[in-house]
Amino acid sequence: MHDDPLSMTFAALADPTRRAILARLTMGEASVLELAEPFDMTLPAVSKHLKVLERAGLITRSREAQWRPCKLEAEPLKAVDGWIEPYRRHWQRSFDRLDDYLTELQRGNPDADRN
């Protein structure tokens, strides 16, 4: 397994349970019990998912009295967004060209440039 931050983030995001946990944390901090509630798995299994998210820097855990709330840390997601951006621009250009082509076809120009 690669240990660079972007690879660790993608590895953490590869699991649907971990993505669901992150989605829940967008609503605010939560305890392990609260995060485990929607899943049919043991608390140790949920804790393993939290450790993966924590190692990737996607969550932090603090201590408040007897509970350790988990908090979303969005900074690693900015690196993911930066990595994806060139591909997003590529697809946007492709959609723009397709939109131009379809517009020309609707105008009745069957020789519209397909490039």
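As a basis for the values below, the full set of heavy atoms in this structure was taken, side chains included, without hydrogen atoms, waters or symmetry mates. On a predicted model such as this, the values are computed, not experimentally measured, just so you know.
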What pairs meet the salt bridge (charged side-chain N to carboxylate O under 4.0 Å, His left out) rule with one or both residues in residues 73-85, with sequence neighbours excluded?
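Only Glu75-Lys78, Asp81-Arg88, Glu85-Arg88, Glu85-Arg89 qualify under salt bridge (charged side-chain N to carboxylate O under 4.0 Å, His left out).
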Could you tell me which residues satisfy salt bridge (Lys or Arg N to Asp or Glu O under 4.0 Å) with Arg63, sequence neighbours excluded, listed by chain and number?
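Per chain and number, Arg63 pairs via salt bridge (Lys or Arg N to Asp or Glu O under 4.0 Å) with no residue.
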Only counting residues at least two apart or in another chain, list the ones meeting ring-ring contact (aromatic ring centres under 6.0 Å, His included) with [X].
{"X": "Trp67", "answer": "none"}
{"X": "Phe10", "answer": "Trp83"}
{"X": "Phe95", "answer": "none"}

For a quick test of reading the model, state the closest non-hydrogen atom pair linking Arg24 to Ala30 and the distance between them.
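Of all heavy-atom pairs spanning Arg24 and Ala30, the closest is NH2-CB, 3.4 Å.
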Heavy-atom pair of closest approach, residues Glu34 and Ser31
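Between these two residues, the closest heavy atoms are OE1-N, 2.7 Å.
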So, do [X] and [Y] sit near enough that their side-chain heavy atoms are less than 4.5 Å apart?
{"X": "Thr17", "Y": "Val46", "result": "no"}
{"X": "Leu25", "Y": "Leu53", "result": "no"}
{"X": "Thr103", "Y": "Arg107", "result": "yes"}
{"X": "Cys70", "Y": "Thr60", "result": "no"}
{"X": "Ser62", "Y": "Pro69", "result": "yes"}

Test of understanding: with side chain to side chain contact (heavy atoms under 4.5 Å, CB included), list the residues that count as partners of Ala56, not counting sequence neighbours.
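Counting only residues at least two positions away or on another chain, Ala56 forms a side chain to side chain contact (heavy atoms under 4.5 Å, CB included) with Met8, Ala12, Leu58.
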Is [Y] reachable from [X] through a run of hydrophobic residues whose side-chain heavy atoms are each under 4.5 Å from the next?
{"X": "Tyr87", "Y": "Leu13", "result": "yes"}
{"X": "Leu72", "Y": "Leu33", "result": "yes"}
{"X": "Met27", "Y": "Leu22", "result": "no"}

List for me each residue that meets side chain to side chain donor-acceptor pair (under 3.5 Å) alongside Gln92, sequence neighbours excluded, and say none if there are none.
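Side chain to side chain donor-acceptor pair (under 3.5 Å) check on Gln92 returns Asp96.
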Side chain to side chain donor-acceptor pair (under 3.5 Å) partners of Asp4, counting only residues at least two apart:
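Applying side chain to side chain donor-acceptor pair (under 3.5 Å) to Asp4 gives Ser7.
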Applying side-chain hydrogen bond (donor to acceptor under 3.5 Å, both in side chains) as the test, list every pair that has at least one member in residues 39-58; sequence neighbours left out.
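For residues 39-58: Arg18-His49, Glu54-Arg61.
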Hydrophobic clusters join Ile, Leu, Val, Met, Phe, Trp and Tyr when side-chain heavy atoms are under 4.5 Å apart, directly or via other members; which others share one with Val52?
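Once heavy-atom contacts under 4.5 Å are chained together, Val52 still belongs with nothing else.
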